[in-house]
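As structure tokens, the structure follows; a few thoughts come after it.
Note that ligands are numbered from 1 as they come in the structure, with each ligand's atoms numbered from 1 the same way. Heavy-atom basis, side chains included; hydrogens, waters and symmetry copies ignored. By convention here, the first residue in the shown sequence is residue 1.
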Amino acid sequence: MTGSTDIGPILRVALPTPLRRLFDYRCRTEAGSAAGAAPYAGEIEPGMRVRVPFGRRRLIGVVMETATRTELSEERLKAVLEPLDTRPIFDRPMLALLRWAAAYYHHPPGEVLSAALPKALRLGAPLDAMQEHWRLTPAGRAAWAQGEPRRAPRQRALLAELAAEETTARLSRDREVRREAARALKARGWIVSIQLPFAPPPVTAADPAVVQSQVGGPALNAEQRQATERICQSLNAFGAFVLQGITGSGKTEVYLRVTEQVLTLGRSALVLVPEIGLTPQLIERFRERFRVGMAVLHSALTDQERLAAWRDAFSGRARIVLGTRSAVFAPLPRLGAIIVDEEHDASFKQHEGGFRYSARDLALVRARRAEVPVVLGSATPAIETLHNVETGRYARLRLTKRAVQATPPRIALIDLRTSAQHAGLSTPAVQAMERHLGAGGQVLVFLNRRGYAPTLLCTACGWIAPCSDCDARLTVHLAAQRLRCHHCGADAPLPVRCAQCGFTVKPVGQGTERIEGTLAAMFPEMPCVRLDRDVVRHRGDLELAVRRIASGEGRILVGTQMVTKGHDFPNVTLVVILNADQGLFSADFRAAERLAQTIVQVAGRAGRGERPGEVLIQTEYPAHPLLTGLLSEGYEGFARTALKERREASWPPFSRLAAVRGSAATAEAALTFLAEARSLAGHTEGVRLLGPVPAAMARRAGRHHAQLLVESADRGRLHRFLDAWLAQVESLPSARRVRWVLDVDPIELF
Ligand code: ADP
Ligand code: ZN
Ligand code: ZN
């Protein structure tokens, strides 16, 4: 290789820069130190943080690999300033995962690290939590020898302990009592406090009695036992298992049993969930089942909380790590299994910012590198996941029976074109509600639209209140007396008159707030509980609403998507889906899948207890094949049809997609950039470019959005193309006038 330098160990470092590459640094080959020289190579291994010079700045990065050659000349090759760690903060499988993620998502390795590491650690915080310890001073030893302090037994006891141990004592036991004694001794100069790194407990195979709390689980049914056994047979090797079972079939119980075995082997478990706020019951069940430490990681943590949770996981103090998307990067010293609950959920895919990874897909890569099983649980597995089952890459384990109650709910369609309606509620739906409420059941009404009404209309001139920054209408929030945009967050007082002609305006259409009011008027003696982002704003709001339903106090539950997840309402006997039609005719080939999943998940809320359930779906398209297929054959019937359609149209999983999404102040700037990017591509065998096209909602928050799709039947081919092409796209002059990101395996097309 011409011009490459061969001068001993080279460290290849991921640095927080937007460049899609690693940076080479030198260190010293011999031990023994000259002051100011580069650190010795033997002190640094891949996975450690180092401080390095970068231009005029100093940056903290992570050593990803070592090399013996570099493309840099000897003069340009700079030395590492110092290591920040004495042991790697990422183990080998994690480094492999990070490298894989950077390559697969074509994202700068340094920014991949930003997703994987708490901010405090990126800024150089020590790896280990520090603990306060106490040590005897010579004066303290002398005082102790003379029998001091005579009238303070607690201080005397602490001195005794320190004198006897000839070492340090921790404060954590009997914290408050000892702290007071320590403060007094310190004031007299008899002891000093020092900070020492927290020493993680040795991780060993644990006694089942240590792992399990008093609360044992129910005896497993045959299917649960089989599933647990199959997964646990593979605890020392990679295996991908799809645990497919309707809501209430006991998937969580299987997760708990697998976790128990993992813990008993002295290993740790990683559990990924879509949204922490929506799964309090799952966390609770893990907490009450096991005695071991647990770390919970999610986006609402403060930086300090996140650091503490990360350290708990890293040190092995937490043996179960439960978290949302980014928890897939959590450090677990002896990972034993990964569980992904509700694997089909769209929130596992990062859909903001630059690094658009799928935590579900990364969980599979991580499990493979760590040689442990991964369990993907869902009542409605993603179409891709089912395809992987069909091709034999994943093993499917089914739970077909409800753990508690055997009869599945009865599902029927209500034809909105032929039924009388009042305020969005058809007569058959209202009659069914009367029946179920009269029999003592609870009723769930699902509408995926929050607010009072989606439109504010002038009946004189036809004016509709628009968002000034988006191609969207403003939603009426009546109780708050506001008009809000659900796309950009714009928020204004609710006008009484038309902005155009001055006539009075009126809200048109239904949102959850309005339905709640209608139902309260219809069934005045039945308390109604609403569940959506407007009422659930703070920690605890959700628990409160869930408790009102679970206790039976609330008889009618009205909610958005939020009601589809995780909660167990055994007394809900009727579910009414007010509008299934959004999603039936979308340009996005995944819209149908999402609709089917939502219907099945909402329907799963009915009749989880002793009573049989009934599900009514209001629609204007009762003959739509998606709905009829779903009704006659269930989710699997739907999935078969969907896979067939995707095969014919050659959509994923029968092809691979990447989207370049661009946005700019003008539509022209966004489209010009994408058109230039497209023309750079020329013709590549087996790779198709589609677009550019404006987004379905082209203007959002004052910016114009457009996208260009790249498609190939072959994953390797797509990625080789992207590698070469992106380097050119980056250097386009028009790229500087737009914000753009590459979205590999996009799950939302617009
Ligand atoms: P899923 O996660 O599939 O929705 P869960 O594991 O939450 O199902 O189970 C639903 C309910 O059934 C829970 O209340 C759970 O405690 C109970 N359950 C699960 N398995 C059994 C079993 N084998 N015997 C009795 N009850 C069970
Ligand atoms: Zn008007
Ligand atoms: Zn807006």
For ligand 1, note which part of [X] has a heavy atom under 4.0 Å away: side chain, backbone, both or neither.
{"X": "A219", "result": "backbone"}
{"X": "I246", "result": "backbone"}
{"X": "Q244", "result": "neither"}
{"X": "T252", "result": "both"}

Set of ring-ring contact (aromatic ring centres under 6.0 Å, His included) partners for F585, sequence neighbours left out: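 Partners of F585 by the ring-ring contact (aromatic ring centres under 6.0 Å, His included) criterion, ordered by chain and then number, come out as Y621, H624.
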Set of ring-ring contact (aromatic ring centres under 6.0 Å, His included) partners for F241, sequence neighbours left out: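 For F241, no residue satisfies ring-ring contact (aromatic ring centres under 6.0 Å, His included) once neighbours in sequence are set aside.
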R514 side chain vs G509 backbone, donor-acceptor pair below 3.5 Å: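 The answer is yes, because a donor-acceptor pair under 3.5 Å joins these two groups.
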Side chain to side chain contact (heavy atoms under 4.5 Å, CB included) partner of Q244, the single match among K251, E343, E636: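 When K251, E343, E636 are each tested with Q244, the side chain to side chain contact (heavy atoms under 4.5 Å, CB included) holds only for E636.
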Sole residue of I411, L444, L616 in side chain to side chain contact (heavy atoms under 4.5 Å, CB included) with V575: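 Among the candidates, only L444 passes.
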Polar atom proximity, P218 to ligand 1 (N or O, under 3.5 Å):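 No; the residue has no nitrogen or oxygen that sits under 3.5 Å from a nitrogen or oxygen of the ligand.
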Geometric N/O contact G245 with ligand 1, under 3.5 angstrom: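 N/O-N/O distance under 3.5 Å: no.
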Heavy-atom contacts with [X] under 4.0 Å: which atoms of ligand 1 show up? List them by number with element.
{"X": "N221", "answer": "23 (N)"}
{"X": "S249", "answer": "3 (O), 8 (O)"}
{"X": "R285", "answer": "5 (P), 6 (O), 7 (O), 15 (C), 16 (O)"}

Candidate pair T228 and R257, rule side-chain hydrogen bond (donor to acceptor under 3.5 Å, both in side chains), full reasoning: CA-CA 7 Å; T228 309; R257 297 304 172 106; over 6 Å; no
For the Zn ion (ligand 2): protein N/O/S atoms at distances below 2.8 Å: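 Under the 2.8 Å cut-off, the count stands at 4.
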Nearest 0.5 angstrom please: [X] [atom1] to [Y] [atom2], how far?
{"X": "Q442", "Y": "L574", "atom1": "CD", "atom2": "CG", "result": "11.5 Å"}
{"X": "Q707", "Y": "L671", "atom1": "CD", "atom2": "CG", "result": "11.0 Å"}
{"X": "Q510", "Y": "I515", "atom1": "CD", "atom2": "CD1", "result": "4.5 Å"}

Verdict with supporting geometry, Q597 and Y635, side-chain hydrogen bond (donor to acceptor under 3.5 Å, both in side chains): CA-CA 8 Å; Q597 287 165 344; Y635 185 73; 3.2 Å; yes
Flag for T573-H436: side-chain donor and acceptor within less than 3.5 Å: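 Yes.
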H351 versus E748, side-chain donor and acceptor atoms under 3.5 Å: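 No - no donor-acceptor pair under 3.5 Å links their side chains.
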The Zn ion (ligand 3) neighbourhood, protein N/O/S only, threshold under 2.8 Å: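 Hits for the Zn ion (ligand 3) below 2.8 Å: C467 SG, C470 SG, C485 SG, C488 SG.
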